[in-house]
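Below is one structure, written out as structure tokens; comments come after it.
Count residues from 1 along the sequence.
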Amino acid sequence: MFPARVVAGAPLALVILALSGCSSVWGCTDTTAKRGEAGVRVQVVDTYGQRRDGTVKVVDWRLESHPQKPSEVDVNFHYRFDGADEYSGPAVDACAVDKKRVALECQTIYSSAAWRQPDGALTGDDWLAVEHPEQVAGVLLIPNDQSYDPRTCDQDIKDGGGTHPPKPASKGDQL
């Protein structure tokens, strides 16, 4: 009699497991957004390519000695986020590039690290350490918001997945 009850309850146990996220029935998938066109001024876009509130631009850049490493010449650049929120606003990749738009060095800049100006803009400055400063022809921004990357399917089969920002730009990328 006991084995018959176990057999009768087996379908119910499978349903409970499936609904609890312990099954692959969720159909979780991960995709990566396409990297947007780099520029000196860009409209920030989300992982679906939809415009977010705000633009960001490189105000200026120059080669100079870094205050903490006076013997090295690095790229110092100033940037401006317009229409961004300093607490939950966007983050974009900034890259020093050569004349062929090949990235020499990149890093992510965050609106939350910038300072609020009287006109509402958020401004900041940062440094890019490049091996050959004489090759720098400019600083470009990539419009894809890097501030939020949802959990992957591997991390959370039930609630993870979806579209993720493109991989952050790095040295050697053609922009």
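- One side chain, Asp93 or Thr108, offers a donor N or O that lies under 3.5 Å from an acceptor on the other.
- Under a hydrophobic clustering in which Ile, Leu, Val, Met, Phe, Trp and Tyr are joined whenever their side-chain heavy atoms come within less than 4.5 Å, directly or via other members, Leu140 and Trp61 fall into the same cluster.
- Atom SG in Cys28 sits 12.0 Å away from atom NZ in Lys158 (nearest 0.5 Å).
- The CG atom of Asp46 sits 12.0 Å away from the OH atom of Tyr148 when rounded to the nearest 0.5 Å.
- At a threshold of 4.0 Å, the pair Asp82-Arg80 counts as salt-bridged, since one of the basic side-chain nitrogens sits closer than that to a carboxylate oxygen.
- At a threshold of 4.0 Å, the pair Asp74-Lys69 counts as salt-bridged, since one of the basic side-chain nitrogens sits closer than that to a carboxylate oxygen.
- When all heavy atoms are compared, the tightest approach of Gln146 to Pro165 is OE1-CB, 3.6 Å.
- Note: the hydrophobic cluster containing Val42 also contains Leu128 (ILVMFWY, side chain heavy atoms under 4.5 Å, direct or indirect links).
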TODO: Evaluate the side chain to side chain contact (heavy atoms under 4.5 Å, CB included) criterion for residues Asn144 and Thr47: first the C-alpha distance (whole Å), next the side-chain angles of each, then the deciding distance (0.1 Å), finally the verdict.
DONE: CA-CA 7 Å; Asn144 304 85; Thr47 55; over 6 Å; no
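- Atom CG in Leu175 sits 6.5 Å away from atom CZ in Arg101 (nearest 0.5 Å).
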- [ ] Show the numbers, then the answer: is there a side chain to side chain contact (heavy atoms under 4.5 Å, CB included) between Ile109 and Leu141?
- [x] CA-CA 9 Å; Ile109 56 171; Leu141 303 167; 4.0 Å; yes
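- Residues Tyr110 and Phe81 fall into different hydrophobic clusters, defined by Ile, Leu, Val, Met, Phe, Trp and Tyr side chains chained together at heavy-atom separations under 4.5 Å.
- Between Tyr79 and Phe77, the ring planes are tilted. Angles from 30° to 60° get that label.
- Under a hydrophobic clustering in which Ile, Leu, Val, Met, Phe, Trp and Tyr are joined whenever their side-chain heavy atoms come within less than 4.5 Å, directly or via other members, Val102 and Ile142 fall into different clusters.
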Open item on the list: Go through it in stages, so that I can follow the logic: the residues are Val44 and Val92, the test is side chain to side chain contact (heavy atoms under 4.5 Å, CB included), and I'd like the CA-CA distance, side-chain angles, deciding distance and then a yes or no.
Closed with: CA-CA 8 Å; Val44 180; Val92 298; 4.2 Å; yes
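- Open room surrounds CD on Gln68; 12 or fewer heavy atoms of other groups in view lie less than 6.0 Å from it.
- With hydrogens and angles ignored, the 3.5 Å screen pairs a side-chain donor or acceptor of Asp173 with a backbone N or O of Ser170.
- For Arg41, the CZ atom is loosely surrounded, since the number of other residues' heavy atoms within 6.0 Å does not exceed 12.
- The line from CD of Glu64 to CH2 of Trp127 is 4.0 Å long, rounded to the nearest 0.5 Å.
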TODO: In sequence, state the C-alpha distance, the side-chain angles, and the governing distance for Val130 and Val75, and then conclude on side chain to side chain contact (heavy atoms under 4.5 Å, CB included).
DONE: CA-CA 7 Å; Val130 296; Val75 179; 4.2 Å; yes
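- Taking CZ of Arg35 as the start and CD of Gln174 as the end, the distance is 10.5 Å to the nearest 0.5 Å.
- With 3.5 Å as the limit, one finds a donor-acceptor pair spanning the side chains of Ser147 and Asp145.
- A side-chain donor-acceptor contact under 3.5 Å links Thr123 and Gln117.
- With rounding to the nearest 0.5 Å, the separation of CG in Asp125 from NE2 in His78 is 4.0 Å.
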